[in-house]
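Report on the following structure.
Positions are given from 1 along the sequence.
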Amino acid sequence: KIQLSEDLKYSNSINCYSDFISFGIIIMMSIYHFVLWFFLRDDKASIYFSLFNLIMAYQTLAFYRYLEQLLPYYYLFGLAYRLEQLLMPIGLVLFILYFKNIFKNIFKKKFSTLIFKIIFALSIVFTGLIIFTPIRISNNFILSYQIILMLTGIWILYMNCVALKKKRPG
């Protein structure tokens with residue numbers, strides 16, 4: 001069924017509103033965790049999560065090309081695309097540092113940091129590829145890095161399930 005132009009405009013505006021609501025919620029979460037870190041300086045997980053949320057807020061605007069619509073004359077596609085690529089490994093490192101602090105408190109002595117070191121090293125390599133190679137070359141590695149992101153998410157989910165099964169506090 002072909003939609004009428006009014007229906008398309010309505011559905012686009014609903015999508016736009018929901019994206020900006022998501023953006024606002026993510027920014028509020030970032031501010032909240034920054035304030036937590038500001039008052040509890042020992043809790044490094046809060047600052048990592050705050051910075052991760054800022055990256056996710058930027059990605060929300062960049063992914064749906066809202067920045068291009070807001071700043072049409074100042075928008076530089078190559079720079080914005082490279083920044084979007086660059087924030088992927090930086091976001092993963094912040095996410096990993098957040099969970100490293102959480103897991104360190106949950107698992108105490110029985111926690112290996114080898115996987116964190118491997119993910120951190122892969123992120124540095126990918127960041128170097130983005131910075132020092134042209135976009136057409138670094139673009140070829142995005143899928144492989146997204147697979148690393150997915151496997152990292154599965155591993156973090158697994159670690160959370162282990163913590164729940166062993167009834168670890170935290």
Side-chain angles (χ1 to χ4, degrees), residues 15 18-19 21-34 36-37 42-68 77-170:
N15 289 339
S18 65
D19 292 338
I21 288 172
S22 299
F23 173 77
I25 290 170
I26 293 170
I27 289 292
M28 285 189 288
M29 286 173 36
S30 179
I31 292 169
Y32 173 76
H33 282 89
F34 179 77
L36 275 178
W37 171 79
D42 293 336
D43 183 22
K44 293 194 185 321
S46 293
I47 191 67
Y48 295 140
F49 196 65
S50 175
L51 293 172
F52 173 75
N53 281 324
L54 282 178
I55 289 174
M56 291 290 88
Y58 173 80
Q59 294 285 15
T60 300
L61 291 180
F63 184 74
Y64 294 107
R65 304 289 177 227
Y66 291 122
L67 292 177
E68 190 175 336
F77 179 78
L79 180 65
Y81 188 73
R82 190 170 291 262
L83 182 62
E84 208 173 317
Q85 281 184 333
L86 192 60
L87 288 177
M88 191 174 14
I90 293 171
L92 179 63
V93 166
L94 290 170
F95 196 63
I96 286 299
L97 288 172
Y98 168 72
F99 273 103
K100 182 180 178 184
N101 281 296
I102 298 289
F103 291 157
K104 183 173 61 176
N105 293 333
I106 293 174
F107 290 105
K108 306 286 184 217
K109 297 177 186 172
K110 299 179 181 179
F111 180 66
S112 171
T113 60
L114 178 65
I115 293 178
F116 287 115
K117 291 176 184 175
I118 291 170
I119 293 168
F120 190 73
L122 289 171
S123 296
I124 289 174
V125 168
F126 191 70
T127 302
L129 283 171
I130 292 169
I131 292 172
F132 297 115
T133 61
I135 291 175
R136 69 178 186 280
I137 294 173
S138 63
N139 230 10
N140 295 327
F141 298 99
I142 290 177
L143 180 62
S144 58
Y145 198 75
Q146 287 175 339
I147 291 170
I148 293 169
L149 284 169
M150 185 180 69
L151 292 174
T152 303
I154 291 169
W155 178 74
I156 287 173
L157 182 64
Y158 169 76
M159 293 299 286
N160 282 318
C161 290
V162 168
L164 281 172
K165 185 178 178 184
K166 293 185 176 185
K167 298 180 182 175
R168 302 280 181 163

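The closest donor-acceptor contact from the side chain of Ser50 to the backbone of Ser30 lies under 3.5 Å. The backbone N or O of Gln59 lies less than 3.5 Å from no partner atom in the side chain of Glu84, so there is not a single donor-acceptor pair.
Shown here are the side-chain hydrogen bond (donor to acceptor under 3.5 Å, both in side chains) partners of Thr127, two or more places apart in sequence or in another chain: there are none. Not counting sequence neighbours, the partners of Tyr145 by the side-chain hydrogen bond (donor to acceptor under 3.5 Å, both in side chains) test are Ser123. The side chain to side chain contact (heavy atoms under 4.5 Å, CB included) test applied to Lys117 returns Thr113, not counting sequence neighbours. Under the side chain to side chain contact (heavy atoms under 4.5 Å, CB included) criterion, Tyr32 pairs with Leu36, sequence neighbours left out. The side-chain hydrogen bond (donor to acceptor under 3.5 Å, both in side chains) test applied to Thr152 returns no partner, not counting sequence neighbours. For Ile124, the side chain to side chain contact (heavy atoms under 4.5 Å, CB included) partners at least two apart in sequence or on another chain are Phe120.
A distance of 10.0 Å separates CE in Met56 from CZ in Phe49, rounded to the nearest 0.5 Å. Atom NE2 of His33 and atom CG of Asp43 lie 8.5 Å apart (nearest 0.5 Å). The line from CZ of Phe95 to OH of Tyr48 is 14.5 Å long, rounded to the nearest 0.5 Å. One finds the CD1 atom of Ile115 at 10.5 Å from the CG atom of Leu151 (value rounded to the nearest 0.5 Å). The CD1 atom of Ile130 sits 7.0 Å away from atom CD1 of Ile142, with the distance rounded to the nearest 0.5 Å. Here CG of Leu92 is found 9.5 Å from CG of Leu97. Values are rounded to the nearest 0.5 Å.
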Report task. For the pair Phe116 and Trp155, evaluate ring pair (Phe, Tyr, Trp, His ring centres under 6.0 Å) and give the outcome as yes or no after the intermediate values. Result -> CA-CA 11 Å; Phe116 287 115; Trp155 178 74; 5.1 Å; yes

Report task. Might you work through the side chain to side chain contact (heavy atoms under 4.5 Å, CB included) test for Asn53 and Ile27, ending with a clear yes or no? Result -> CA-CA 7 Å; Asn53 281 324; Ile27 289 292; over 6 Å; no

Query raised in the report: Going through the distances and angles, do Asn139 and Gln85 end up as a side chain to side chain contact (heavy atoms under 4.5 Å, CB included)?
Result: CA-CA 8 Å; Asn139 230 10; Gln85 281 184 333; 3.0 Å; yes

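Between Asn101 and Lys44, the shortest heavy-atom distance links the atoms ND2-CB, 4.1 Å.
Using a 4.5 Å heavy-atom cutoff, the side chains of Phe126 and Phe141 are in contact. For the pair Lys165 and Val162, the minimum side-chain heavy-atom distance is 4.5 Å or more.
Atom CG of Asp42 has 12 or fewer neighbouring heavy atoms from other residues, nucleotides or ligands inside a 6.0 Å radius.
Note on ring orientation: taking the six-membered ring where Trp is involved, the planes of Trp37 and Phe34 are tilted (angle from 30° to 60°).
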